[in-house]
Number of protein chains: 2
Amino acid sequence: MNMPRIPHPARSRNQTSAATDNAPVQAGHDSAVQAGDPYGFSEHTRGLLDCAATLCSRQGGRMTAQRRDVLGLILQADAPVGAYDLLEQLRVSDRRPAPPTVYRALDFLLEHGLIHRIERLSAFVPCTHLSHEDEADPSGASASSSARSGHVVSACGHEHGACGVHAAQFLICRACGGVTEIADTPRILDMLRTVCREKAFTMQSASVEVEGLCVTCTGQQEAGTER
Amino acid sequence: MNMPRIPHPARSRNQTSAATDNAPVQAGHDSAVQAGDPYGFSEHTRGLLDCAATLCSRQGGRMTAQRRDVLGLILQADAPVGAYDLLEQLRVSDRRPAPPTVYRALDFLLEHGLIHRIERLSAFVPCTHLSHEDEADPSGASASSSARSGHVVSACGHEHGACGVHAAQFLICRACGGVTEIADTPRILDMLRTVCREKAFTMQSASVEVEGLCVTCTGQQEAGTER
DNA sequence: GGAACAGATGTAATAATATTACATTCTTTT
DNA sequence: AAAAGAATGTAATATTATTACATCTGTTCC
Ligand SMILES: [Zn+2]
Ligand SMILES: [Zn+2]
Ligand SMILES: [Zn+2]
Ligand SMILES: [Zn+2]
């Protein structure tokens, strides 16, 4: 399931907890990762990060420590994260990196289909594709259908990689701030393709953003109103 | 037809030409309009503005001079217009209004379904609905289907008014900057409704933005590449 | 007419988001 | 080791948007 990630606190900060003494995470792959994970990423998050490293090295990208940290923070969050939120969290010993640092990492992650930008929020969420990959093959050994073309098409109906169209669909809850990626059906994307074909428009990327109330918040709203 | 509005100059400025000596435009309706049109709006634009005044007064809104000017500038432009573009153009005798002035007008126009915001561009375009209304009935005497409910549903498949869901779809050309509103089919919106129903999500507003190359620019691109 | 009210606008300051340009460092290739 | 390319650091600045409060304008009610 893919419910909005948590009831109330939109934009929760990472707790900078003291769970950093674990393994150095050194993904045994070809990537340039050598971070010590100073952000207390959960084991699950670290798994996804390793998976991401594999995915993007296969696309000819380098998952550096910087990029890994940014992706980790986005994965760990329970709601979309803004660029300046990330900057805050990336501070080490009261020295904060400058905006370009984060924006460059975000650009990289976007290009490699590891995160999405929610236009209406100017904020970023991880692509669910990553989780699906991870479930399918935790070791990260096999990516997706047509890896040889550099054109990765995930089961969830949106494409990734240099040659593919970046397209994603979201449900955004105004009450709790939760965002759900609609990745379980290609229906919407197919429809867009059809319309574009009719208009002879060459689609390069697309975003669908629906704002409203998630299941939970719809229920609560009605409960509050109905008597 | 609804082609992207003009080949090359994205964000063209209004020419501040000297075509202002026409009629005072004083829409004979109940609205608070009494501007002198210092922006040289075309006759067509003035027609749309009058139509808009009628539409929104029917919704209980007041089309003031300020709002009228902003809408006029957006209508007159051949590409999406940014808020600060508008501020520039709204200057009178080297005195420029402050941001809230424009943002308030934009909010009003958005609420009344007269313009749309293109999230990916942080810019605004007129709703094609207005033109359709105008074609159907230039006098602006009858709006649409269910005016009595205050819930105006246009033929073009997206709703307007206080009770309706604001939803719109756009094709955005990266080469020429032109934006086309896909308003001739409810297919996309219907699909979104279906998906939302399945997820028990209450839709309040939605935007679909496809970026790529319009017919013209696709052709030019191919011509440039193919030999 | 005039008080009272609501809606609309003016104004100053500031917040939030994003980019440019250039210097430096780190990696890979030759 | 030198050269080339990729990534990062840094300072300054651009762009987009909001907050808070004062003022004005038109309408309602007496
Ligand atoms: Zn995705
Ligand atoms: Zn919710
Ligand atoms: Zn529209
Ligand atoms: Zn074009």
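What you see is a predicted model, and the numbers here were worked out from it, not measured in a lab. Below, chain A is the first sequence line, B the second, and so on; all start at residue 1.
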Rounded distance (Å) that lies between atom [atom2] of [N] and atom [atom1] of [X]:
X	N	atom1	atom2	result
B:L86	C:dT9	CG	P	15 Å
A:L110	C:dT17	CG	P	16 Å
A:D85	C:dT17	CG	C1'	11 Å
B:L121	D:dA17	CG	C1'	17 Å
A:Y103	C:dA21	OH	C1'	18 Å
B:L106	D:dT18	CG	C1'	14 Å
B:R120	C:dA18	CZ	C1'	17 Å
B:D107	D:dT16	CG	C1'	13 Å

Using five pairs at each end of the helix from C:dG1-D:dC30 to C:dT30-D:dA1 to define an axis, what is the angle between those two axes, to 10°?
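One end's axis against the other's: 30°.
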In chain order, what residues pass the side chain to side chain contact (heavy atoms under 4.5 Å, CB included) check against [X], with sequence neighbours excluded?
X	answer
B:R104	B:P100
B:T45	B:F41, B:S42, B:L49, B:L75, B:Q76
A:A206	A:A167, A:L192, A:M203, B:V210

Show me the protein contacts with nucleotides 6-9 of chain D, counting only N or O atoms at under 3.5 Å.
unit_1, atom_1, unit_2, atom_2, d
D:dA7, OP1, A:R67, NH1, 3.3
D:dT8, OP1, A:T64, OG1, 2.7
D:dG9, OP2, A:Q66, NE2, 3.1
D:dG9, N7, A:R104, NH2, 2.6
D:dG9, O6, A:R104, NH1, 3.2

Only counting residues at least two apart or in another chain, list the ones meeting ring-ring contact (aromatic ring centres under 6.0 Å, His included) with B:Y103.
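Listed in chain order: nothing, the list is empty.
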Inter- and intrachain pairs under salt bridge (charged side-chain N to carboxylate O under 4.0 Å, His left out), touching residues 167-176 of chain B, at least two apart
B:R174-B:E211
Decide, yes or no, whether a salt bridge links A:R68 with A:D50 under the criterion of side-chain N to carboxylate O below 4.0 Å.
yes
Looking at D:dT15 and B:Y84: do their rings stack (centroid distance under 5.5 Å, interplanar angle under 30°)?
no
In terms of heavy-atom contacts, B:L213 and B:C173 come closest through CA-SG, 3.9 Å
Interatomic spacing from CZ in A:R117 to CD in A:E209 - rounded to 0.5 Å
9.0 Å
Just verifying a value: how many Å separate B:L109 CG and B:F124 CZ, rounded to the nearest 0.5 Å?
9.5 Å
Is A:R117 close enough to C:dA18 that one of its side-chain N or O atoms is under 4.0 Å from OP1 or OP2 there?
yes
Please tell me which of A:A98 and B:A98 maps to the more 5' nucleotide of DNA chain C, matching each residue to the nucleotide holding its nearest heavy atom.
B:A98
